[in-house]
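Each chain gets a letter, A, B and so on, in the order its sequence line appears, and its residues count up from 1.
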Amino acid sequence: MPEGPELHLASLYVNKVCDGVVFTGPVRKSEVSKNPDVPFTCEAYFITATSRGKEVKLTLMPIKSDDDPDQRAKAGQVAQPMDVVFRFGMSGYFRFTREDELPKHAHLRFYTNEKPCRVLSFVDTRRFGSWQPNGTWQADRGPCVMFEYKEFRENIVTHLSDHAFDRPICEVLLNQKYFNGIGNYLRAEILFRLNIPPFVPARDVLDGLQTEDLCGDNKVKEITRKPKNKQETGDLLQLCHAVPLEVVNLGGKGYDPEKADYSGFEAWLQCYNVDGMKSTRDHNGRTMWFAGDPGPMAPKNSKSPKAIKRVKKEDHDYTDRKKLGRRGPESTTKKKAMKEEGGTKTTKKENKVCPKESKRKKNREVNAPQRETRSSTRRRKSSSADITAGSQRRNVRMAK
DNA sequence: CGTCCACGTCTAC
DNA sequence: TAGACCTGGACGG
């Protein structure tokens, strides 16, 4: 669930399913969760949600009842509203179900006063997510790229001397102090659309930016003009706003391969995890998907013994370039890569950036070998109209 | 069976 | 700049 669009969609979901629903009693936490207890209990309360970048805030609002003059007397005092701020980690989301169909990994739960009751659950398989009772938006996170656009722009143009911008643009895009809401698939999609190599210095791309959105009223004019550097930067911050909003407007659940409506999102992706696109690890071990030139700051050193072995092997595989694909790149946490130690590791070769097949083609079906020039297997799931559109768009890019 | 990979932070050497 | 924190799906043997 977890980049800006998914967090916002989660807040919309909560507001929709909890509209008019009365919750009651204590908030309950799973045994296994290491997150804090939420010391809130109330006879009757509403739940509403808002989002900002990669956080969601739930507001637990006691219902004051004129019909219940005992309310104050009983509790000694009326419960106060409480905000709980969530981060979703890699796998967090909200679900509203009957109590007897609680999802696995429902780590924080809010119960309705119905009979049988229903439950709003914060579900988080991997438990990288977190919540904070009486929470506030995390102090070090910047303005929301989607819903605080003006402040977002300003925060960047007024801090360009920050050393954070010494890094490659693709890595800076994950810095939540400046790009609150951008994650791994969004950075790939945004840079791909502007044809910006991922490993160019961020400041080179952002330098000369205006606080005002250059592409506002004059949008058409600006875009049809010769794309200069400054133009692209204007576009970059604008796309950091517009691309996530596209996902929100897809109306599905965003990035969530487990869900039925994932195909719409998958068809929307132009670069991330798309067959034929290149990918490599950035300096933090995160996979960067891109097309064309990686840029001057691309990591040169392979840290993957397996990748080296593969490369050697492939040196003799001259028959089919298409097959190059899938090295076994490092896992983000390279746990036991030491196992293989041998001598392979010392002879580090360049970690070649090469096109590869998407791993996410779970079609075990052994069809006739598809020689389709990419554009291809993954995309085939979308409607033919989308395929055409996608291809055309790419052709335009290539023609440039 | 085992290995690799995943939409993200965190903190410790 | 590494690990640590976790579960589970895809894929290979």
Classify the side-chain pair A:Glu55/A:Trp137 by whether it contains a donor and acceptor separated by less than 3.5 Å.
no

Is any side-chain nitrogen or oxygen of A:Gln176 closer than 4.0 Å to OP1 or OP2 of B:dT9?
yes

Without decimals, in angstroms, what is the distance between A:Lys54 NZ and B:dC10 P?
10 Å

Please check if the side chain of A:Arg203 supplies one atom and the backbone of A:Asp162 the other of a donor-acceptor pair under 3.5 Å.
yes

Expressed as a whole number of angstroms, how long is the span from A:Arg127:CZ to B:dT9:P?
19 Å

When we call it a touch if two heavy atoms are under 4.0 Å apart, what does A:Glu189 touch: a base, just sugar-phosphate, or nothing?
nothing

Whether A:Phe128 stacks on the six-membered ring of B:dG8 base, 5.5 Å and 30° limits:
yes

With a 4.0 Å limit, can you tell me whether A:Arg141 has a side-chain N or O closer than that to the phosphate oxygens OP1/OP2 of B:dT9?
yes

Short side-chain N/O contact from A:His283 to OP1 or OP2 of C:dA2, under 4.0 Å
no

Is the phosphate of B:dA6, meaning OP1 or OP2, less than 4.0 Å from a side-chain N or O of A:Arg126?
no

In whole Å, what is the span from the CE atom of A:Met288 to the P atom of B:dC5?
17 Å

In whole angstrom, give me the gap between the P atoms of B:dC13 and C:dC5.
12 Å

Think A:Arg87 has a side-chain N or O under 4.0 angstrom from the OP1 or OP2 of B:dC10?
yes

What class does the angle between the rings of A:His8 and A:Phe147 fall in, given that below 30° is parallel, 30 to 60° is tilted and above 60° is perpendicular?
tilted

Between B:dG8 atom P and A:Asp140 atom CG, what is the distance in whole Å?
18 Å

Aromatic ring pairing A:Phe199/A:His283, orientation class (parallel under 30°, perpendicular over 60°, tilted between)
perpendicular

Give one of base, sugar-phosphate or nothing for A:Arg187, where a contact means two heavy atoms less than 4.0 Å apart.
nothing

So which nucleotide from B:dC10, C:dT7, B:dG8 ends up closest to the side chain of A:His105?
C:dT7

Between C:dG8 and B:dT9, how far apart are the two P atoms, rounded to whole Å?
22 Å

Specify the separation, in whole Å, of atom CZ of A:Phe179 and atom P of B:dG8.
15 Å

Could you tell me how the ring of A:Phe122 sits relative to the ring of A:Phe86: parallel (under 30°), tilted (30 to 60°) or perpendicular (over 60°)?
tilted

Please give, in whole Å, the distance from B:dT11 P to A:Asn284 CG?
16 Å

Please determine whether a side-chain nitrogen or oxygen atom of A:Arg281 lies at a distance below 4.0 Å from atom OP1 or OP2 of B:dA6.
yes

Spacing between A:Trp131 atom CH2 and B:dC10 atom P, to the nearest angstrom:
14 Å

For A:Phe165 and A:Tyr178, I'd like to know if the aromatic rings sit close, meaning centre-to-centre distance below 6.0 Å.
yes

Please pick, from B:dG8, B:dC10, C:dT7, the nucleotide with the shortest atom-to-atom distance to any side-chain atom of A:Thr125.
C:dT7

Nearest-Å distance for atom pair CG/C1', residues A:Asn273 and C:dG9:
13 Å

Check whether any side-chain N or O of A:Thr287 sits under 4.0 Å from OP1 or OP2 of B:dA6, and answer yes or no.
yes

Does A:Lys104 have a side-chain nitrogen or oxygen under 4.0 Å from the phosphate oxygens OP1 or OP2 of C:dG8?
yes

